[in-house]
Colleague: 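First the structure, which I've put down as structure tokens, then a few questions once you've had a look.
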Amino acid sequence: MITKECKFCRIVSGELSASVVFEDGSCVAFLDHRPLFPGHCLLVPRNHHETLADLPHDLIQPFFSQARLLSIAVEVGMEAEGTFLAINNKISQSVPHLHMHVVPRRKKDGLKGFFWPRNPYRDAEQMAEIAEKLREALKRLS
């Protein structure tokens, strides 16, 4: 399903122009119009899914296979030393359509880790408690 209100759906349908670098039956990749560095791409599923959790199971493999291919292409095409891949789910998601950022990286390029401050665990006990909460959540979801 493509929605008329979604900017990325409009790019996928061809209604809005974008610098498309890749497309297949399930995904489209195009240059981000506000790149961190030249070559910064966005990979989106063709159909409208807001978050990774909304992506149907049968589209997970194609989406991540294309993300892998695109990350290699960005590294080779931009002569980069590596890539950074990121997905925002809801928070900081400027367009509510699942998209993966694929950003070329070079040593000393100015990006320092993540874009938010680090908050270390209080101690090993807190880390163990958090790990257990996540294991319990995974059991409930499986």
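Just so it is clear, the model here is predicted, and its values are computed rather than measured.
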Colleague: Could you pull out every donor-acceptor pair under 3.5 Å between side chains of residues 122-130 and any protein atom, sequence neighbours left out?
Modeller:
from: Asp123; atom 1: OD1; to: Glu125; atom 2: N; distance (Å): 3.2
from: Asp123; atom 1: OD1; to: Gln126; atom 2: N; distance (Å): 2.8
from: Gln126; atom 1: OE1; to: Arg122; atom 2: N; distance (Å): 2.5

Colleague: Looking only at heavy atoms, what is the nearest atom pair of Val21 and Cys41, with distance?
Modeller: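 That closest heavy-atom pairing would be CG2-SG, 4.0 Å.
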
Colleague: Can you name the ring pair (Phe, Tyr, Trp, His ring centres under 6.0 Å) partners of His40, sequence neighbours left out?
Modeller: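 For His40, the residues satisfying ring pair (Phe, Tyr, Trp, His ring centres under 6.0 Å) (neighbours in sequence not counted) are His101.
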
Colleague: Pairs in or reaching into residues 41-64: which pass ring-ring contact (aromatic ring centres under 6.0 Å, His included), with residues at least two apart or in two chains?
Modeller: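 Sorted result for residues 41-64: His48-His97.
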
Colleague: Would you mind telling me which of Asp109, Val74, Leu36, Thr83 makes a side chain to side chain contact (heavy atoms under 4.5 Å, CB included) with Val103?
Modeller: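 Filter result, single survivor: Leu36.
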
Colleague: In Å and rounded to the nearest 0.5 Å, what is the CD1 to OG1 distance from Ile87 to Thr51?
Modeller: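 If we round to the nearest 0.5 Å, Ile87:CD1 and Thr51:OG1 are 9.5 Å apart.
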
Colleague: Rounded to the nearest 0.5 Å, what separation is found between the CG atom of Asn47 and the OG1 atom of Thr3?
Modeller: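 That separation rounds to 10.0 Å.
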
Colleague: What is the distance from atom CG of Leu70 to atom OG of Ser65, rounded to the nearest 0.5 Å?
Modeller: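 The distance works out to 12.5 Å.
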
Colleague: Going only through I, L, V, M, F, W and Y residues with side-chain contacts under 4.5 Å, is there a path from Met100 to Leu42?
Modeller: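 Met100 does not cluster with Leu42.
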
Colleague: In chain order, what residues pass the ring pair (Phe, Tyr, Trp, His ring centres under 6.0 Å) check against Phe30, with sequence neighbours excluded?
Modeller: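 Result, ring pair (Phe, Tyr, Trp, His ring centres under 6.0 Å) vs Phe30: Phe8.
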
Colleague: Quick check for you: to the nearest 0.5 Å, what is the distance between Leu55 atom CG and Leu98 atom CG?
Modeller: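 Interatomic distance, Leu55 CG to Leu98 CG, rounded to 0.5 Å: 6.0 Å.
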
Colleague: Please, which pairs that meet side chain to side chain donor-acceptor pair (under 3.5 Å) have at least one residue in residues 67-77, sequence neighbours excluded?
Modeller: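 Side chain to side chain donor-acceptor pair (under 3.5 Å) check on residues 67-77 returns no pairs.
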
Colleague: Let me check something: do Val95 and Val44 share a hydrophobic cluster, defined by ILVMFWY side-chain heavy atoms less than 4.5 Å apart, either directly or through other members?
Modeller: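 Same hydrophobic cluster.
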
Colleague: With sequence neighbours left out, which residue pairs that include part of residues 40-55 fulfil the salt bridge (Lys or Arg N to Asp or Glu O under 4.0 Å) condition?
Modeller: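 Pairs touching residues 40-55 that pass the test: Glu23-Arg46.
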
Colleague: Test of understanding: clusters of I, L, V, M, F, W, Y form through side-chain heavy atoms closer than 4.5 Å, transitively. Do Ile60 and Leu52 belong to the same one?
Modeller: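 Ile60 and Leu52: one cluster.
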
Colleague: Kindly give the heavy-atom pair with the smallest separation between Ala80 and Pro104, and that separation in Å.
Modeller: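 Of all heavy-atom pairs spanning Ala80 and Pro104, the closest is CB-CB, 3.8 Å.
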
Colleague: What closest approach, in Å, do Leu43 and Ala67 show between heavy atoms, and which atom pair accounts for it?
Modeller: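 Closest approach of Leu43 to Ala67: CD2-N, 3.4 Å.
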
Colleague: Please give the remaining members of the hydrophobic cluster of Val76, linking ILVMFWY side chains under 4.5 Å, ordered by chain and number.
Modeller: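 Direct or chained contacts put Val76 with Ile72.
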
Colleague: Please enumerate all residues that pass side chain to side chain contact (heavy atoms under 4.5 Å, CB included) together with Glu136, with sequence neighbours excluded.
Modeller: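 Result, side chain to side chain contact (heavy atoms under 4.5 Å, CB included) vs Glu136: Glu132, Arg140.
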
Colleague: List in chain and number order the residues that pass side-chain hydrogen bond (donor to acceptor under 3.5 Å, both in side chains) with Asp24, two or more places apart in sequence or in another chain; answer none if no residue qualifies.
Modeller: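 Partners of Asp24 under the side-chain hydrogen bond (donor to acceptor under 3.5 Å, both in side chains) test: Ser26, Gln66.
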
Colleague: Using atom types as modelled, flag every donor-acceptor pair under 3.5 Å from a side chain in residues 9-18 to any protein atom, sequence neighbours excluded.
Modeller:
from: Arg10; atom 1: NE; to: Glu15; atom 2: OE2; distance (Å): 3.0
from: Arg10; atom 1: NH2; to: Glu15; atom 2: OE2; distance (Å): 3.4
from: Ser13; atom 1: OG; to: Cys9; atom 2: O; distance (Å): 3.4
from: Ser13; atom 1: OG; to: Arg10; atom 2: O; distance (Å): 3.1
from: Ser13; atom 1: OG; to: Glu15; atom 2: N; distance (Å): 3.4
from: Glu15; atom 1: OE1; to: Lys4; atom 2: NZ; distance (Å): 2.9

Colleague: Could you tell me the separation between the NZ atom of Lys7 and the NE2 atom of His33, rounded to the nearest 0.5 Å?
Modeller: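 The NZ atom of Lys7 sits 4.0 Å away from the NE2 atom of His33.
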
Colleague: Once side-chain hydrogen bond (donor to acceptor under 3.5 Å, both in side chains) is applied, do any residues pair with Ser19, and if so which ones, sequence neighbours excluded?
Modeller: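 Once residues adjacent in sequence are excluded, Ser19 has no partner under the side-chain hydrogen bond (donor to acceptor under 3.5 Å, both in side chains) criterion.
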
Colleague: Provide the full list of salt bridge (Lys or Arg N to Asp or Glu O under 4.0 Å) pairs with a residue in residues 25-44, sequence neighbours left out, each pair given once.
Modeller: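 Every pair satisfying salt bridge (Lys or Arg N to Asp or Glu O under 4.0 Å) with a residue in residues 25-44: there are none.
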
